[in-house]
**Q** 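Okay, handing you the structure first.
Quick note on labels: first sequence line is chain A, next is B, and so on, each numbered from 1.
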Amino acid sequence: MSFWPTTTDELILEQKRLATLSFSRWEKPPEPFISAGVFVCYGRNVAGAGKKGDLGWATAVALFPDGSVKVFRVSGRATFDYIPGLLALRDGPLLEKAVLGLGIRPEILFVNATSRDHPYRAGLALHLGYKLDVPTVGITRNPLIAEGSLPGIKRGDKFELRVGNETVAFWLRTQDNKAPLVVHPGYRLDGDSAIEVVLFYTEKYRTPEPLRLARKSARLYRAGVEDQAV
DNA sequence: GCGACAG
DNA sequence: ATCTTGTCGC
């Protein structure tokens, strides 16, 4: 397990450093490959769940080309409240544990977080990918600080999200007439590859399949369901 | 100064 | 993250 910052000052310094680094570009391979999703949830019916000391349930799911999956679950206590821009402080260590527990290095990892759409241009999707050395795509419901118009209503319609003059993410419609999601090119990803791989994993559902499975599994884990199928 | 702000 | 009211409005 590598080191995660444990104070706001440490994290901000690391984020500023991360933002200055450049990485080799990932391209979606033509051959079948293993993808993964990772997700953490906190208490249901608990006011303000996800605060310091609260129990969190994390799950990583690897999705194989034949459709089979491998699941790893791990729980732990939040060491920080949620602070916008500092999500890594609360969720970074547990998410990393979950992915490492798979015992597999996926080709691409989906994370519920931003990347360059961030006060210091280094959100958790970028940070986690960097620490694991696994290419990442961030998926969120909303931008953090970036701005842009909503896309058209057809699957594949997109619109750039910018911080100043820099395009940092995209609104992307993954299903006709359904709410768009925000696609954040993460560690080693550029915009085209991020959108390509998201569309590849959203043939049937709005959320990319590996992340959808990880969410489902984490909520079952929280509910006490042993089910290892998903 | 205050609120908003990925989850 | 999670729950919840209602279709308003800076």
**Q** Sticking with atom P, work out how far dC10(C) lies from dA4(B), rounded to a whole angstrom.
**A** 16 Å
**Q** I need the CG-C1' distance between N142(A) and dA1(C), as an integer number of Å.
**A** 13 Å
**Q** Select one nucleotide: of dG7(B), dC5(B), dT2(C), the one nearest the side-chain heavy atoms of N112(A).
**A** dG7(B)
**Q** Remember a base hit wins even if backbone is also touched, and classify D91(A) as base, sugar-phosphate or nothing at under 4.0 Å, heavy atoms.
**A** nothing
**Q** Using the C1' atom on both, measure dT7(C) against dC5(B) and round to a whole Å.
**A** 25 Å
**Q** Categorize P143(A) for me: base, sugar-phosphate, or nothing, with a 4.0 angstrom heavy-atom threshold over every strand shown.
**A** sugar-phosphate
**Q** Could you check how far NZ of K52(A) sits from P of dG7(B), rounded to whole Å?
**A** 23 Å
**Q** Could you check whether any side-chain N or O of T136(A) sits under 3.5 Å from a backbone N or O of Y187(A), counting only pairs where one atom can act as donor and the other as acceptor?
**A** yes
**Q** Over how many whole Å does the gap from R121(A) atom CZ to dA6(B) atom P extend?
**A** 16 Å
**Q** Considering every strand and a 4.0 Å limit on heavy-atom distances, what is the contact class for T140(A): base, sugar-phosphate, or nothing?
**A** sugar-phosphate
**Q** Scan R215(A) against the nucleic acid and name what it touches under 4.0 Å (heavy atoms): base, sugar-phosphate only, or nothing.
**A** nothing
**Q** Tell me the interatomic distance from L144(A), atom CG, to dC5(B), atom P, rounded to whole angstroms.
**A** 10 Å
**Q** So H118(A), base contact, sugar-phosphate only, or nothing? Heavy-atom distance under 4.0 Å.
**A** base
**Q** Given atom CG of L55(A) and atom C1' of dT2(C), what is their separation to the nearest angstrom?
**A** 16 Å
**Q** Round to the nearest Å and state the distance from F39(A) atom CZ to dT2(C) atom C1'.
**A** 11 Å
**Q** Roughly how many Å is it from CG in L94(A) to P in dA1(C), rounded to a whole number?
**A** 15 Å
**Q** Given dG7(B), is OP1 or OP2 found less than 4.0 Å from the side-chain N or O atoms of Y42(A)?
**A** no
**Q** Using atom P in both nucleotides, what's the gap between dT4(C) and dC8(C) to the nearest angstrom?
**A** 23 Å
**Q** For the side chain of R173(A) and the backbone of K178(A), is there at least one donor-acceptor N/O pair under 3.5 Å apart?
**A** yes
**Q** Counting only N and O atoms by type, is there a donor-acceptor contact under 3.5 Å from the side chain of D91(A) to the main-chain atoms of L87(A)?
**A** no
**Q** Answer with base, sugar-phosphate or nothing: what part of the nucleic acid does L126(A) contact at a heavy-atom distance below 4.0 Å?
**A** nothing
**Q** Does OP1 or OP2 of dT2(C) have a side-chain N or O of R219(A) closer than 4.0 Å?
**A** yes
**Q** Looking only at the side chain of R141(A) (C-beta and beyond, no hydrogens), which of the listed nucleotides dG7(B), dT2(C), dA6(B) gets closest?
**A** dG7(B)
**Q** Give the minimum heavy-atom separation between F170(A) and L161(A), together with the two atoms involved.
**A** C-CD1, 3.7 Å
**Q** Looking only at the side chain of R44(A) (C-beta and beyond, no hydrogens), which of the listed nucleotides dA6(B), dC3(C), dA1(C) gets closest?
**A** dC3(C)
**Q** What's G43(A) touching, base or sugar-phosphate or nothing? Going by heavy atoms closer than 4.0 Å.
**A** sugar-phosphate
**Q** Examine the side chains of S68(A) and D66(A) and answer whether a donor and an acceptor come within less than 3.5 Å of each other.
**A** yes
**Q** Fit a plane to each ring of Y130(A) and F23(A), take the angle between them on a 0 to 90° scale, and name the class: parallel (under 30°), tilted (30 to 60°) or perpendicular (over 60°).
**A** tilted
